[in-house]
Amino acid sequence: MNCEKQVAMLRRVQEMEFVAIELNLYLDTHPCDTEAINDYNCAVERLRVLVQEYEEEFGPLMHFGHGGFSQKNEWQWIQGPWPWEI
Amino acid sequence: MWIYEKKMEHPVRVCRPDVKFAKMVITQYGGPDGELSASLRYLNQRYSMPTDRIKALLTDIGTEELAHMEMIAGLVFKLTDGATCEDFKEAGWEGQYTQHDNGLFWTDANGVPWTAKYIACLGDPITDLTEDMAAEQKARSTYEHLIACTDDELAKDTLRWLWQREVVHFQRFGEALNDVQEWMATSKHMWCGCDREKKEE
Ligand SMILES: [Fe+2]
């Protein structure tokens with residue numbers, strides 16, 4: 001249905017989360033690199049916005065209290081497609 | 001505790017189903033140098049590591065490897081999508097069809113089931129980090145073999161991305177090894193195991 005849009009919005013989330021993962025691993029072994037800490041903080045903020053935009057259209061990316069807050073009396077977590085089907 | 005994110009870490013795509021190639025890719029699911037082995041190896045070694053940054057690194061890389069395992073599962077899922085008994089027979093993977101149909105299972109490319117023997121934990125940080133570095137190199141080589149065996153450009157993109165992650169993990173483990181060696185050199189006592197070291201401080 002809206003698969004193309006979903007893939008595109010997901011791609012932006014994946015890209016920004018990848019930035020965060022890379023910086024996270026780097027900071028594990030370079031914990032005093034203040035420039036990398038700033039970059040990480042920046043990635044966290046941007047990711048939060050992208051995740052929110054995605055979730056408004058396509059439902060929660062996370063569960064167990066970290067996402068899935070429902071305003072519609074509807075449990076959206078169970079809605080496909082699941083990641084391997086996209 | 002772990003939280004699931006309902007997405008792949010990186011897109012998994014294929015141009016067309018290819019059961020024969022799926023039979024090869026499955027080794028990165030349940031083979032000796034696959035992503036399940038990697039994840040469990042690192043997450044299990046955390047408990048005997050002496051420094052906080054190494055505990056963090058093993059937690060984080062072990063968690064990322066779980067995401068890679070999901071990507072490999074997705075790749076096999078797409079490569080076998082819609083495959084029939086005939087397709088499995090043609091690919092020489094009829095044993096998979098007989099026992100698992102279109103379900104996934106933890107085996108290597110020769111059908112050997114996953115075993116805990118693939119991973120080690122000696123409880124010594126130098127030994128274990130050296131094992132982790134070797135594991136990353138073995139995974140890197142396996143990805144190179146897989147990339148050489150397909151002309152599916154989309155599958156190649158996914159495999160190249162996973163290949164590159166092994167290179168980064170190797171680099172980070174190397175830095176962690178330096179950290180442990182420095183910690184050993186600067187600690188008050190001779191090295192006699194992390195537990196005793198902590199108690200004596
Ligand atoms: Fe890795």
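Lettering follows sequence order; numbering is per chain, from 1.
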K.L.:
Measure Val12(B) against the heavy atoms of chain A and call it side chain, backbone, both or neither at under 4.5 Å.
P.N.:
backbone
K.L.:
Answer yes or no on whether Lys6(B) is positioned over the face of Trp82(A), meaning its NZ or CZ is under 6.0 Å from the six-membered ring centre and within 45° of the axis.
P.N.:
yes
K.L.:
Can you tell me which portion of His63(A) sits under 4.5 Å from chain B's heavy atoms? Options are side chain, backbone, both or neither.
P.N.:
both
K.L.:
Could Arg165(B) and Glu22(A) be called an ion pair, given the rule that one side-chain N must be under 4.0 Å from one carboxylate O?
P.N.:
yes
K.L.:
Any sub-3.5 Å donor-acceptor pair from Asp28(A)'s side-chain atoms to Arg53(B)'s backbone N or O?
P.N.:
no
K.L.:
Side chain, backbone, both or neither: which part of Glu9(B) has a heavy atom under 4.5 Å from chain A?
P.N.:
both
K.L.:
I'd like to know which of His10(B), Gln171(B), Met1(B) tops the heavy-atom pair count under 4.5 Å against chain A.
P.N.:
His10(B)
K.L.:
Shorter than 4.5 Å, heavy atoms on both sides: which option in Val168(B), Asn178(B), Asp179(B) has the most such pairs with chain A?
P.N.:
Val168(B)
K.L.:
Measure distances from Ile61(B) to the heavy atoms of chain A and classify the residue's part below 4.5 Å as side chain, backbone, both or neither.
P.N.:
both
K.L.:
Parallel under 30°, tilted from 30 to 60°, perpendicular over 60°: which one fits the rings of His30(A) and Tyr26(A)?
P.N.:
parallel
K.L.:
Give, as side chain, backbone, both or neither, the part of Leu61(A) having an atom under 4.5 angstrom from any heavy atom of chain B.
P.N.:
both
K.L.:
Is the gap between the ring centers of Phe18(A) and Trp161(B) under 6.0 Å?
P.N.:
yes
K.L.:
Take the angle between the ring planes of Trp106(B) and Tyr29(B) and call it parallel below 30°, perpendicular above 60°, tilted in between.
P.N.:
parallel
K.L.:
Would you mind checking which part of Leu27(A) comes under 4.5 Å of any heavy atom in chain B, side chain (CB onward), backbone (N, CA, C, O), both or neither?
P.N.:
neither
K.L.:
For the side-chain contact (heavy atoms from CB on, under 4.5 Å) test, which of Asp157(B), Thr150(B), Asp152(B) pairs with Val14(B)?
P.N.:
Asp152(B)
K.L.:
With only heavy atoms counted, which part of Lys7(B) is less than 4.5 Å from chain A, the side chain, the backbone, both or neither?
P.N.:
both
K.L.:
Is Phe77(B) close to chain A through its backbone or its side chain, or both, or neither, when contacts mean heavy atoms under 4.5 Å?
P.N.:
side chain
